[in-house]
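Start at 1 and go down the list; that is how both ligands and their atoms are numbered.
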Amino acid sequence: MGVLENEKKTNELLNYYGLSKEQQREFWNIIRHIFNHEEFQRRMSKEFPHHGEITLGEHILSDAAMTYKLTESSRFKRADFDRKTAVIIAMFHDLYTLNWQNNPDNFVDNSYNNHAFRHPIEAIINAVNFYPEYFEDDNTYKIIDGVIHHMFPVPVKRFDGSPMELKNEEAFNKIPDRIKNLIIFSSNRGFNYNHFSICRSTFLEGRIMSKADKIVSIRNYMDDIGQNGPLSILTLFTGVNKNLENYEETEKLKKRR
Ligand SMILES: [Fe+2]
Ligand SMILES: [Fe+2]
């Protein structure tokens with residue numbers, strides 16, 4: 001599918017989430033540059049399924065649209081925050097490296113590194129690598145901290161000296177120390193439990209985005225549960241999805257390990 005078709009799909013999403021034409025223009029101004037990148041386009045393809053028929057890219061755009069909508073709500077309207085940064089956090093929040101469902105390459109040895117706990121770290125590393133121009137000013141830490149803690153109250157894996165089993169370890173080694181240190185620092189913030197950190201983003205931008213992710217995901221899970229039964233929610237933690245290709249091979253491989 002080409003960029004134009006993906007653009008059409010995105011406009012359908014923006015209509016679905018009720019953004020006016022004026023708002024859609026502002027939204028595109030914020031996301032255009034991120035959207036056009038080949039790595040983002042890849043995440044809009046069948047290579048990265050998310051829930052049901054939705055690709056990962058569509059999920060990310062849904063979160064970004066919902067984030068935009070929330071910044072318009074009266075609760076946040078009076079607060080002091082930067083809408084653009086909140087939407088950028090949404091565009092980066094799930095840019096993890098590999099499709100996580102029914103994919104043996106995405107397996108890890110330690111369950112504390114499972115996709116659910118590890119993917120925000122991979123996402124921020126990829127964001128820094130694909131879009132270094134977003135990590136040069138005062139917003140850098142806001143974006144990093146927002147992406148790392150977007151899953152709250154789900155814990156995030158922290159850099160505590162244990163194996164990280166990142167699927168983009170090489171990319172991590174390449175990023176500037178200044179940014180690496182911010183990622184490590186943010187991953188260790190808040191309540192530390194075993195290999196995890198459990199805390200909300202420090203900044204309102206990250207918190208709004210995290211809320212948007214919950215609203216969008218709950219809708220997706222409800223659809224999933226409606227279509228595939230209550231156990232479909234386990235996919236989030238096991239990475240094995242009965243309703244996608246390669247299910248049987250993946251189950252077998254998983255058992256053999
Ligand atoms: Fe996520
Ligand atoms: Fe998400």
Take the angle between the ring planes of Phe196 and Tyr193 and call it parallel below 30°, perpendicular above 60°, tilted in between.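 Correct class here is parallel.
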
Kindly assign one of parallel, tilted or perpendicular to the pair Phe135 and Phe92, based on the angle between their ring planes and the thresholds 30° and 60°.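 Rings of Phe135 and Phe92: parallel, as their planes differ by under 30°.
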
I'd like to verify the contacts: list protein N, O or S atoms under a distance of 2.8 Å from the Fe ion (ligand 2).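 Only His59 NE2, His93 NE2, Asp94 OD2, Asp213 OD1 fall inside 2.8 Å of the Fe ion (ligand 2).
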
Find out whether Phe35 and Leu61 are in side-chain contact, i.e. whether some heavy atom of one side chain is under 4.5 Å from a heavy atom of the other.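 Result yes, sub-4.5 Å side-chain heavy-atom pair found.
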
Side-chain ion pair, Glu72 and Lys69, N-O less than 4.0 Å: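 No, no charged N to carboxylate O under 4.0 Å.
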
Can you tell whether the side chains of Glu47 and Arg42 come within less than 4.0 Å, N to carboxylate O?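 Looking at Arg42 together with Glu47, the answer is yes, because their closest N to O distance falls below 4.0 Å.
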
Would you check if the distance from the ring center of His149 to the ring center of His93 is below 6.0 Å?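 Not close enough - the centres of the two rings lie 6.0 Å or further apart.
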
